[in-house]
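When a ligand or atom number is given, it counts from 1 through the structure's own listing order. Hydrogens, waters and symmetry mates play no part in the numbers below; they use all other heavy atoms, side chains included.
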Amino acid sequence: TKKGPLKILFLSSDTGGGHRASAEALANQFQRLYPGTTYDLLDIWSDIDSSWPYNSIKDAYKSMSASPWKWRTLYHVSNTAVYAKFADFHSYYMNEGMIREKIEQYNPDVVVSVHPTMNYIPLFSIRKVAEKFDKEIPFFTVVTDFGSGHCTWFNKDVDRMYLASEPIKAIAQKRGGVPDEKIVMSGLPIRYDFAAQADAMGDRTTDEGKAHQQKIREELNIDPNKKIILVMGGGEGVGSLSSIVNELYAKLRTQGVDATICVVCGRNEQLKGDLETRCWDTVVSQSLNSYASLKSRVVTKLLSAHASRSRRIQAALDRAAAKAAKGRDVAEVPGNVDVIPLGFVKNMAEYMVAADVLVSKAGPGTIAEAAAVGLPIMVTSHLPGQEAGNVDIVLDGGFGDYCEDPETIALEIACWLQDSQLLDVMSKKAQAVGHPHAAEEIAQDIGDTTHDLMEKNKK
Ligand code: UDP
């Protein structure tokens, strides 16, 4: 039976791109399943006139995520029951009234939190609003972290909680005391594009899968006959993307791997500009000559030690030094590699289908998306705390590796790309972890539960 439209309030905040992306993926599915559905997104820390430090959370996230030690300290200090209680009490005292007012104004049928800082005070406010309007307003948490999560995510009093992995379920039970019957193992909600692409492609290791990949490559205007590496650093384009791209370029060329490196710079305009004007031949020659110049320094040292003994030795060493300093000629290097710098990409699903491997930081959204379309991942960094668990999802799932050093990353990627059997094995393992239809399934479950309650409210 067709069910009517819903009025949904999402609680989220733009700390990183992932939370909003999840909310939008869900909203999209709600509107598809329950036509006419309306929704709003409330950021209780920015949309209301909240007090310090809550009103500075978004800016703090930007500066902290660029500075790992600050992030680590904040994450671990705040990830304790004592802190959580204090923050609760403090933010309750400072902001609860304003939050309640906002919710009252919107008067939703259902509230969905996709943010770790919005599961305690808002739930309290919603229960008050429900009491005032004499109706039930269910509250759901959709955890948008993957391998581990901050303790403030898990409030056992919510109506239901949607989780993406066993490790996070263990935290919800242990830290939050969330009972089994409230937990739904759903996978991370990602945009509908990924479900559509996953359905159209099927298994990327089969002939049909490969044909679909070729088609998408052509649509994106990327050479379909070369390997494609997708490099990204979350919505903000963070991490050592610049040196990773340099190393990838140099190593792929010197090993003769024909490839296109697509670099998603996200909102990092400066990186995009740098890549657009970079002289790639110089990058290769620097990489080739770093060994040559080291050798020439050693030779020069030898030269001065032996100079007085024999002119013949000196002449020989001279010649060796000159040869070493010259290094190999860039023109001799066999590989044919292109770099395509991209800004903020809207059709990420297509790029992930087109690519053979992804090189990325450990963002939960990005990892879930790659898994959904069977794309192996080289994880290059993670924020201390909640992103560490995401690395384990990739390693335990067997669909990638973790490495921080740009040169080693490049060497390993070059190996992967020359071993199609290995790529196929990793791709199958990624698919086993992926949940391309998670958003639809969550929206359906929340929508049906809410409709049941609305029926009850009417009676
Ligand atoms: N993203 C995008 N276009 C870009 C860069 C990123 O659509 O140019 C999306 C990406 O697909 C993912 C999200 O931004 O859905 C990043 O989320 P993630 O959880 O990986 O990292 P965060 O940025 O939240 O730390």
Quiz item: Would the number of heavy atoms belonging to other residues, nucleotides or ligands and lying under 6.0 Å from CD of E181 be above 12?
Solution: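 Check passes, neighbour count above 12.
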Quiz item: Should we say atom CD of Q105 is surrounded by more than 12 heavy atoms from elsewhere, each under 6.0 Å from it?
Solution: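 Atom CD in Q105 is crowded, with more than 12 foreign heavy atoms closer than 6.0 Å.
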Quiz item: So does E407 pair up with K251, basic N to acidic O under 4.0 Å?
Solution: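 Salt bridge flag = yes for K251 with E407.
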Quiz prompt | Qualifying residue for salt bridge (charged side-chain N to carboxylate O under 4.0 Å, His left out) with D356, from R217, R204, K226 | solution =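 Of the listed options, the one satisfying the test is R217.
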Quiz prompt | side-chain contact (heavy atoms from CB on, under 4.5 Å) partner of L358, the single match among I367, I377, V373 | solution =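 Answer after filtering I367, I377, V373: I377.
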Out of all atoms in ligand 1, which are within 4.0 Å of some heavy atom of [X]? Include the element for each.
{"X": "V345", "answer": "2 (C), 3 (N), 4 (C), 7 (O), 8 (O)"}
{"X": "V264", "answer": "4 (C), 5 (C), 8 (O)"}
{"X": "K361", "answer": "21 (O), 22 (P), 25 (O)"}
{"X": "E369", "answer": "10 (C), 11 (O), 12 (C), 15 (O)"}

Taking N or O atoms only and a 3.5 Å limit, does [X] qualify as a polar contact for ligand 1?
{"X": "M232", "result": "no"}
{"X": "K346", "result": "no"}
{"X": "G365", "result": "yes"}

Quiz item: Side chain or backbone of H19 under 4.0 Å from ligand 1, or both, or neither, by non-hydrogen atoms?
Solution: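 It is neither part, as no heavy atom is under 4.0 Å.
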Quiz item: Taking heavy atoms and a distance under 4.0 Å, where does T366 meet ligand 1: side chain, backbone, both or neither?
Solution: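 Looking at T366 and ligand 1, atoms from backbone and side chain both fall under 4.0 Å.
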Without placing hydrogens or testing angles, list every side-chain donor-acceptor pair under 3.5 Å for residues 434-444, not counting sequence neighbours.
{"residue": "H437", "atom": "ND1", "partner": "E440", "partner atom": "OE1", "Å": "3.4"}
{"residue": "H437", "atom": "NE2", "partner": "D199", "partner atom": "OD1", "Å": "3.1"}
{"residue": "H437", "atom": "NE2", "partner": "D199", "partner atom": "OD2", "Å": "3.3"}
{"residue": "E440", "atom": "OE2", "partner": "R32", "partner atom": "NH2", "Å": "3.1"}
{"residue": "Q444", "atom": "NE2", "partner": "D448", "partner atom": "OD2", "Å": "3.4"}

Exercise. Compare F344, Y351, F194, F146 and give the one whose heavy atom is closest to atom 5 (C) of ligand 1.
Key: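 It is F344 that holds the nearest heavy atom.
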Quiz item: Would you say the ring centroid of F10 lies under 6.0 angstrom from that of Y39?
Solution: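 Ring centres of Y39 and F10 closer than 6.0 Å.
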Quiz prompt | Residue pairs, two or more places apart or on separate chains, that pass side chain to side chain donor-acceptor pair (under 3.5 Å) and touch residues 343-352 | solution =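 Non-adjacent pairs meeting side chain to side chain donor-acceptor pair (under 3.5 Å): N347-E350.
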Quiz item: With a 4.0 Å cut-off on heavy atoms, is G343 touching ligand 1?
Solution: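 Within the 4.0 Å threshold, so yes.
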